[in-house]
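The structure appears below as structure tokens.
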2 protein chains.
Amino acid sequence: MALRHAVLAALLDEELSGYQLTKAFDLGVANFWHAQPQQLYAELTRLERDGLVTGREVVQDTRPNKRLFRVTDAGLAELERFTSLAAKPSFIRDDLLVKVQAADHVDAGTLIAQLTERAAFAQAKVDLFGRLLRTMRGDRAEEDFLRHGECIGPYLTCLRGLAFERGNRDWCEHAAAVLRDRQGARVQD
Amino acid sequence: MALRHAVLAALLDEELSGYQLTKAFDLGVANFWHAQPQQLYAELTRLERDGLVTGREVVQDTRPNKRLFRVTDAGLAELERFTSLAAKPSFIRDDLLVKVQAADHVDAGTLIAQLTERAAFAQAKVDLFGRLLRTMRGDRAEEDFLRHGECIGPYLTCLRGLAFERGNRDWCEHAAAVLRDRQGARVQD
DNA sequence: CTCAACATGTAAAAGGTTACATGATTTT
DNA sequence: AAAATCATGTAACCTTTTACATGTTGAG
């Protein structure tokens, strides 16, 4: 049941509405968890019912009203409790890897196209995470920021997201190059 | 519905029993998907019902009998069809990252301990994947194997698994070091 | 005038985890 | 004698995804 803890962790540093949370989770800006809008609205309702977050109505003139949520003391205690539990290992679970596993039996052209597309997607995330990191650390050097900064949790998870997407990009490019090479080699036979 | 395709992909190069598949998926040796034994037995039953795999009973003296499964032509066609569909992007979803996101609000000692444990786990997988890769390529150089080898799909996915676990290990070690440094810095204040 | 963004949900279906169940053999 | 490995499942529960539903405002 880690979605609720992911939501709590996301709300620690800023008050957000369900819609704003959606943006963070949905677009993968949250580099530690992913969730659909529907899940987030439902989870916020449950969290408020259980007293782990409180919402306050914000009346807006030009936009529909919204509810901003923040973590309560009970919510923080719940996060502390969660942190003390053993974490489950995380596994890769990826459609594209399934397809590459079957590379010797399926059409190479399709695979190359999908690997290329994924590499571009990963590169876009690399750029995004790079910008986010720069914003978070401001004009400080990374080393200095990590040693003395006040809010390093989100920075550390963003670093993991960056490394993950770099790994994705590099592997996709490499795998696509290997498959292209083999296409060329086959023609030469 | 990619579990079924993951099973098909895993059965492409060798005939396996449900139990043997379990070993591959359960322990994370399968670096492209993860699943519980119960899921695999259920999926094999469905796949056989749908004619995508066939099982044959192997009578054993000293061990309980087992059923070995292999992919049928219809199964291969289904994999081909799956490969031609757009792949969904994969996201990180990790308890430990949720905890690190909350690093500024929860106990650092607990986090350091969990990061250290995870780094060791990742290192064990790095070693395992390294051994698997060596076994797959035999005495050939990697470049030569990838260009001319017959079975490179599993090799490519294993490379991704290796890079992923290296990334995990490096990040865990870095994050733990950052948190330790800050503990030291706090004492000096 | 149409499309994107703001804002929040409900309900059904699919997928995944956990607990329960059984029973033989080999290793420690 | 106990624990690990081989071998296969069922059932209940929890989580996630997909489809449906509604209404306003600002930009092109």
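Chain letters run A, B, ... following the sequence lines, proteins first, then strands; residues in each count from 1.
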Below 4.0 angstrom, N of the basic side chain to O of the carboxylate: do [X] and [Y] qualify?
X	Y	answer
B:Asp50	B:Arg4	yes
B:Arg147	A:Asp181	yes
B:Lys66	B:Glu57	no
A:Arg118	A:Asp94	yes
A:Arg56	A:Glu15	yes

So, does [X] get its side chain near the phosphate of [N], meaning an N or O under 4.0 Å from OP1 or OP2?
X	N	answer
A:Gln60	C:dC6	no
A:Tyr41	C:dG9	no
A:Lys88	C:dT18	yes
B:Ser17	D:dC6	no
A:Tyr19	C:dC6	yes
A:Gln36	D:dT16	no

Donor-acceptor contacts under 3.5 Å from residues 73-83 of chain B side chains, at least two apart:
{"residue": "B:Glu78", "atom": "OE1", "partner": "B:Arg81", "partner atom": "NE", "Å": "3.1"}
{"residue": "B:Glu78", "atom": "OE2", "partner": "B:His5", "partner atom": "NE2", "Å": "2.8"}
{"residue": "B:Glu78", "atom": "OE2", "partner": "B:Arg81", "partner atom": "NH2", "Å": "2.9"}
{"residue": "B:Glu80", "atom": "OE2", "partner": "A:Asp107", "partner atom": "N", "Å": "3.0"}
{"residue": "B:Thr83", "atom": "OG1", "partner": "B:Leu79", "partner atom": "O", "Å": "2.8"}

Taking the minimum atom-to-atom distance to the side chain of [X], which one of [options] wins?
X	options	value
B:His34	D:dT5, C:dT17, C:dA5	C:dT17
A:Arg67	D:dG26, C:dG23, C:dT8	C:dT8
A:Leu3	D:dT5, D:dT8, D:dT16	D:dT16

Please classify the nucleic acid contact of A:Arg4 as base, sugar-phosphate, or nothing, using heavy-atom distances under 4.0 Å. nothing
Name the nucleic acid region contacted by B:Gln38, choosing base, sugar-phosphate or nothing; use a 4.0 angstrom heavy-atom cut-off, strictly under. base
Residue mapping more 5' on DNA chain D - nearest nucleotide basis, B:Lys23 or B:Arg93: B:Lys23
Terminal axes of the helix from C:dC1-D:dG28 to C:dT28-D:dA1 (5 end pairs apiece), angle rounded to 10 degrees, sit apart by 50°
Take B:Leu159 and B:Phe164 through the test side-chain contact (heavy atoms from CB on, under 4.5 Å) and record every step on the way to the result. CA-CA 9 Å; B:Leu159 278 177; B:Phe164 176 70; over 6 Å; no
